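Okay, structure first, notes after.
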Number of protein chains: 2
Amino acid sequence: MTGQRHDLGATFVRLSRAVVAAEQPVLAELGVEMWDYVVLSALRDGPAHSQARLAAATGRDTTRLIPILDRLEARGLLRRTPDPADRRNRIVELTDSGTELTATCQAAIRTLEARLLAGLPGDERTAFITTLERLAELISAQRGAH
Amino acid sequence: MTGQRHDLGATFVRLSRAVVAAEQPVLAELGVEMWDYVVLSALRDGPAHSQARLAAATGRDTTRLIPILDRLEARGLLRRTPDPADRRNRIVELTDSGTELTATCQAAIRTLEARLLAGLPGDERTAFITTLERLAELISAQRGAH
DNA sequence: TATTGTTATACTCTATAACTATA
DNA sequence: TATAGTTATAGAGTATAACAATA
């Protein structure tokens with residue numbers, strides 16, 4: 001008997017919805033949808049060697065990823081080039097303008113998050129973030145082992 | 001610059017999906033879907049004075065709630081009775097068998113959650129849960145004030 | 001007339017299954 | 001033949017609008 005008041009899952013879902021709802025207008029002002037941002041962020045640290053890998057990294061399947069990539073490519077934010085080593089694969093990478101927009105978005109998101117977390121004392125906040133990240137990895141690992 | 005590695009929203013969404021995915025088979029074994037469980041849980045502490053309130057409490061709108069209530073009522077897990085004071089309203093409450101099943105589900109969910117959290121040291125775990133609940137309330141309040 | 005619950009319709013999102021090209 | 005990407009179709013989930021009962 002832990003005295004937990006709510007279910008963990010319900011609380012996570014509730015928080016997710018609240019945070020996403022708060023983030024959407026911030027991104028919309030930059031002309032970016034939530035899933036655009038997820039894809040751009042996934043490419044921030046370097047190109048994806050195939051669309052399949054990018055889909056796995058972002059939690060979408062390949063078919064749902066395509067219209068997003070189409071849109072972002074049409075806006076000149078990323079490039080899809082066939083991999084010379086295996087021309088079935090498309091290497092996906094940010095353009096300069098994509099890198100710039102991604103940084104702008106991320107800064108805006110971080111500012112918002114700081115505001116959302118402002119009600120927590122500083123040390124509690126950092127401890128929370130640390131545990132949260134650790135838990136996300138732990139649970140992902142458990143699922144992987146299913 | 002906080003040194004956060006991932007976006008808060010992305011981490012919450014990732015965790016939500018992982019936890020829900022883990023919970024679904026546990027509930028399915030009891031013949032309960034996720035949204036059934038959300039509704040049953042909302043009624044655990046007492047009847048809802050109208051379906052509209054129940055919808056708000058569970059984050060569904062009234063139209064989406066109805067088929068769920070139909071199903072649970074047909075299974076004899078809850079009752080919808082017109083409020084004598086205003087017969088437009090339906091009071092929704094668990095039957096005895098609904099109360100029993102809800103308790104069984106909740107116990108199963110709590111067991112699963114304990115397993116998911118088992119990788120965290122005890123004191124870190126309780127601190128995390130405390131902050132999580134507090135943050136959920138904080139952010140809900142901020143949204144309410146929009 | 002306004003509101004609760006209900007039903008019916010339309011729309012969006014997601015998943016499944018074919019199709020093209022490379023290997 | 002197998003795989004990456006793409007396109008097309010079908011299905012589930014969600015939202016919008018009309019309807020009946022009550023106030």
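In this text the structure is predicted, and so the values were computed from the model without any measurement. Quick note on labels: first sequence line is chain A, next is B, and so on, each numbered from 1.
- Between the C1' atom of D:dT3 and the CG atom of A:Asp83 lies a distance of 14 Å, rounded to the nearest Å.
- Atom P of nucleotide C:dG5 and atom CZ of B:Arg90 are separated by 7 Å, given to the nearest angstrom.
- Using a 4.0 Å heavy-atom criterion, one finds that A:Arg60 contacts the sugar-phosphate atoms exclusively.
- Between A:Asp70 atom CG and D:dT7 atom C1' the separation is 11 Å, expressed in whole Å.
- Contact annotation: side chain of A:Arg88 to base of D:dT3, donor-acceptor pair present below 3.5 Å.
- A salt bridge is absent between A:Arg90 and A:Asp83; no separation between the charged side-chain nitrogens and carboxylate oxygens falls under 4.0 Å.
- Ring geometry for B:Phe128 against A:Phe128 counts as parallel: the plane angle stays under 30°, on a 0 to 90° scale with 60° as the upper cut.
- When heavy atoms are screened at a 4.0 angstrom cut-off, B:Arg80 is found touching the sugar-phosphate backbone but no base atom.
- A:Arg64 has its CZ atom 16 Å from the C1' atom of D:dT6, to the nearest Å.
- Toward the 5′ end of DNA chain C lies the nearest nucleotide of A:Thr63, the other residue of the pair A:Thr63 and A:Ala85 mapping further downstream.
- Atom CG in B:Leu65 sits roughly 12 Å away from atom C1' in C:dT6 (whole-Å rounding).
- To the nearest angstrom, C1' of C:dA21 lies 13 Å from CD of A:Gln51.
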Take B:Val38 and A:Asp7 through the side-chain contact (heavy atoms from CB on, under 4.5 Å) test and state the conclusion after the steps. CA-CA 10 Å; B:Val38 170; A:Asp7 293 327; over 6 Å; no

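- Proximity of B:Glu33 to B:Leu27: side-chain heavy atoms (C-beta onward) are nowhere separated by under 4.5 Å.
- Rounded to an integer number of Å, the gap from CD1 of B:Ile68 to C1' of C:dT6 is 15 Å.
- Protein atom CE of A:Met34 is 13 Å distant from nucleotide atom P of C:dT14, rounded to whole Å.
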